[in-house]
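Single-structure report; data block below.
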Amino acid sequence: MGEPATKDVLSLDELEVAGQLRTGRKHILSILVENKPGVLTRIAGLFARRGFNIDTLAVGPTADEKISRITLTLDGAKHPIDQVTKQLHKLVNVIKIRDLEPQDTLSRELALFKISADDSGRAEVMQICEIFRAKIVDVSRRSVVVEVTGTCDKVDAFERLVRPFGLVEMGRTGEIAIARGRGET
Amino acid sequence: MRAVDALMECLKAEGAEVVFGLPGGANLPTYDAFCDAGIRHILVRHEAGGGHAAEGYAKATGRVGVALATSGPGATNLVTPICDAMMDSVPVVFITGQVRTELLGTDGFQEADTIGITMPIAKHSFLIQQPLELPRSIHEAFHIARTGRPGPVVVDIPQDLSRAAITYEPVSDVRLPGYQPTTEGNQKQIRLAAKALANSRRPVIYAGGGVVCGEAGTELIEFATADRFPVTCTVMGLGAFPAPHEQWLGMLGMHGTRSANYAIDEADLICAIGARFDDRVTGQLTEFAPRAKFIHIDIDPAEISKNVPAHIPIVGDARNILPRLTAAYRALAPDPARLEGWWSRIRAWQQRHPLRYDDSADSEIKPQFMIEALYEATAGEAIVTSDVGQHQMWTAQYFHFSRPRQWINSGGLGTMGFGLPAAMGAKVGRPDQTVVCIAGDGSVQMNAQELATCVQEGIAIKVFVMNNGYLGMVRQWQELFWDGRYSHVETGPWPDLVKLAQAHGATGMRCADKRTLVTDFKEALAIDGPVLVDVRVTREENTFPMIPAGKPARDMVG
Ligand SMILES: Cc1cc2nc3c(=O)[nH]c(=O)nc-3n(C[C@H](O)[C@H](O)[C@H](O)COP(=O)(O)OP(=O)(O)OC[C@H]3O[C@@H](n4cnc5c(N)ncnc54)[C@H](O)[C@@H]3O)c2cc1C
Ligand SMILES: Cc1ncc(C[n+]2csc(CCOP(=O)(O)OP(=O)(O)O)c2C)c(N)n1
């Protein structure tokens, strides 16, 4: 196609639509917001209004006390991500949004699992914990509580393995993420 | 001084010369401050009237409108105007009273979660939590309302904070790190657009409300006439391009002209400027302009590729972009003759399918005739507001708007009851102009109370009610698409609109004979003060042409 700065002929047939709508993969959005009341409601409301599902959401302070970081993940197979980020940008309290590239991103999530583990299963559960470098943080006669950190995939895998022992309950924080290397997220 | 006195200073500093409002417990302090502030306050009869008046003021002048209400019911009465302003990108600051801070969240007397209720329908909102925040928030509210894509901003002030003593220091800067609208278009994209235009053989310019609120009317004409680009406008864009112009195709969309819709249907390149591809324009998206590529110029990046994928998006202010696009296009010196085939096709449509209706042979007033008569009686010069329904579409079709801000209506939300208070606001903003409201008999009853405001304040609007005794637009749909089964659409001859006008202290008139209509209208326009004219029109006339919902433009009926 003709470079815009040149005099080349531009055939309309060559024009392609800008921006891809559905990416088909998981997205981690890192959103810096002003630390003001109601900001989370605005963000959540925007998703709700368009019928978008937020998979995970984590909110916390940043190095600057006036700014909080919201990390949220959502499925690009279901939702047009670029439209969402544009809408988010429109919120006055949203300062910056990064759609983090998975390969350039460090992401972690913390999870607590309460697993039934009587005498027969306990050793096996502890073995799994070791492989996953999970910590046993509480033990009772019939169950253990385990703390796992890692990527979302790792936590998923851990869950799959311990489920057969009897998963009493679990809690997950949702991922937080920052970019690898020197640059700011 | 009290925080509310600082509020008055802020309003003055922002150039707010008039405020539309109605007092109550939670904003008593604000009303006390009005006594000494030297700002014009217009006491409305219903907060929705005040909200729409502020919109009308903003749309007529391009300045920010201001509406005030108390907490609870006052604030909830503003919900419709706030949403209306959001949908149509109207810069209005809505200031609401709130219960005292210690009562927040306790179901206190007249408490409503105004910020929560309005969050999805406002561009932004502020709940004041410290009296000292008030001045900054007010300035930021005005800044946000008027810049970028304009819109409504809500400021909610708890009663106790509004009474607090503060030292007021004028605020000259706004600190909004997350709010930086893009106004300047990307030069590379502009050049690309110019090239695409130079290569197109069947181009159409599709201009919308963004050209009006972006004050880019002159720039649009320059651009369109850089070649012989055919121009169509949305309902919101009418007036952005002068209707009596040889390149003018008329409005597009559901009730647009055949020539505009057919041109869109066959276009190879559509240049959308400040228009948002509303479903009343596109119909079924897959059928919309199936042969075209799209240039999309819009100040709001979230509009790009929202409904229709843009091939050449240009984010920025139309007023910044259009002159540069015109220059880039001229520099390419394309051969104007390449558009000749396109124009002969368009001229054929125009000849075969002009806007038309069957006029009556007797004294009966056809609704279309009523609009033509009003166009004649006002010499096409008046500022015109409308309500929502058939009369709105006929006005859009038959009143040929020739300049931006001449036409004020509710397009996005389609709010019945918008027209009369909007006319009131427009007249306050443009006292030098004739301001006419074309209302429906259904719609006018939704905010007729503001006639009293007009009388009290000497706001000489002229309201022409197209009285068909029906909720006409809904009746039309029931007739055409629901087998003619009329369900709750007949309103009959009540109330007596002449008496209604008189009861409010305005002049009431009735017209039922088309032969004297133009002179009757001229007479009404010449009367001092507010006038309401009850115009009895054909009861069951349909608004045509029309693209039935979900059908392509080719299948227009009527
Ligand atoms: C009964 C009824 C029937 C209707 N039938 C029709 C119909 O037949 N045809 C029709 O067209 N409409 C019709 N409408 C109106 C329709 O619902 C929409 O309101 C209208 O089409 C939207 O107009 P618009 O695209 O110009 O956008 P607007 O709502 O006017 O939005 C303006 C756009 O311009 C952008 N913008 C703002 N400022 C700037 C700037 N400075 N520079 C660049 N861009 C800017 C904004 O971001 C936005 O995208 C009807 C409404 C009703 C109630
Ligand atoms: C507040 C509100 N309620 C309902 C509607 C749905 N509606 C759209 S047009 C219309 C009929 C309007 O009747 P009228 O004002 O008499 O105008 P006409 O169509 O007869 O010209 C209705 C009820 C609306 N747009 N706004």
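Predicted model only: the values in this text are computed from it and were never measured. Naming convention: chains lettered A, B, ... in sequence-line order (proteins, then strands); numbering from 1 in each chain.
Within residues 266-273 of chain B, the residues that have a heavy atom under 4.5 Å from a heavy atom of chain A are B/Asp268, B/Leu269, listed by number.
When side chains are defined from C-beta on, B/His124 does not count as touching A/Leu91, because their heavy atoms never get closer than 4.5 Å. Side-chain contact between B/Arg149 and A/Lys90 is present, with at least one heavy-atom pair separated by less than 4.5 Å. Using a 4.5 Å cut-off on side-chain heavy atoms (C-beta onward), A/Pro37 and B/Gln129 make contact.
Screening residues 175-185 of chain A for salt bridge (charged side-chain N to carboxylate O under 4.0 Å, His left out) gives A/Lys26-A/Glu175 as the qualifying pairs, with residues at least two apart or on separate chains. Residue pairs meeting the salt bridge (charged side-chain N to carboxylate O under 4.0 Å, His left out) criterion with at least one member in residues 92-107 of chain A, sequence neighbours excluded: A/Arg25-A/Glu101.
Note on A/Ile95, A/Val92, A/Asp13: by heavy-atom pairs under 4.5 Å with chain B, the leading option is A/Val92. Put simply, of A/Val94, A/Leu12, A/Thr41, the one with the most heavy-atom pairs under 4.5 Å next to chain B is A/Leu12. Among the candidates B/Asp300, B/Leu127, B/Ile190, the residue making the largest number of heavy-atom pairs closer than 4.5 Å to chain A is B/Asp300.
Using a 4.5 Å cut-off between heavy atoms, B/Lys306 contacts chain A through both its backbone and its side chain. B/Gln180 does not touch chain A: none of its heavy atoms, backbone or side chain, sits under 4.5 Å away.
Residue-environment remark: CZ (B/Arg100) stays at or below the threshold of 12 foreign heavy atoms within 6.0 Å. Atom CZ of A/Arg163 has 12 or fewer neighbouring heavy atoms from other residues, nucleotides or ligands inside a 6.0 Å radius.
Checking side-chain atoms of A/Glu34 against main-chain N and O of B/Gly178 turns up no donor-acceptor pair under 3.5 Å.
Interatomic distance, NE2 of A/His89 versus OH of B/Tyr179, reported as 14.5 Å (0.5 Å rounding). Summarising the geometry, atom CZ belonging to A/Arg42 is positioned 4.0 Å from atom CE belonging to B/Met119; distances are rounded to the nearest 0.5 Å. The OG atom of A/Ser11 lies 7.0 Å from the NZ atom of B/Lys293; values are rounded to the nearest 0.5 Å.
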Item checked: Derivation of the side-chain contact (heavy atoms from CB on, under 4.5 Å) call for B/Glu303 and A/Lys86 -> CA-CA 9 Å; B/Glu303 284 301 335; A/Lys86 284 191 226 162; over 6 Å; no
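The ring-ring contact (aromatic ring centres under 6.0 Å, His included) search around B/Phe294 returns B/Phe277, not counting sequence neighbours.
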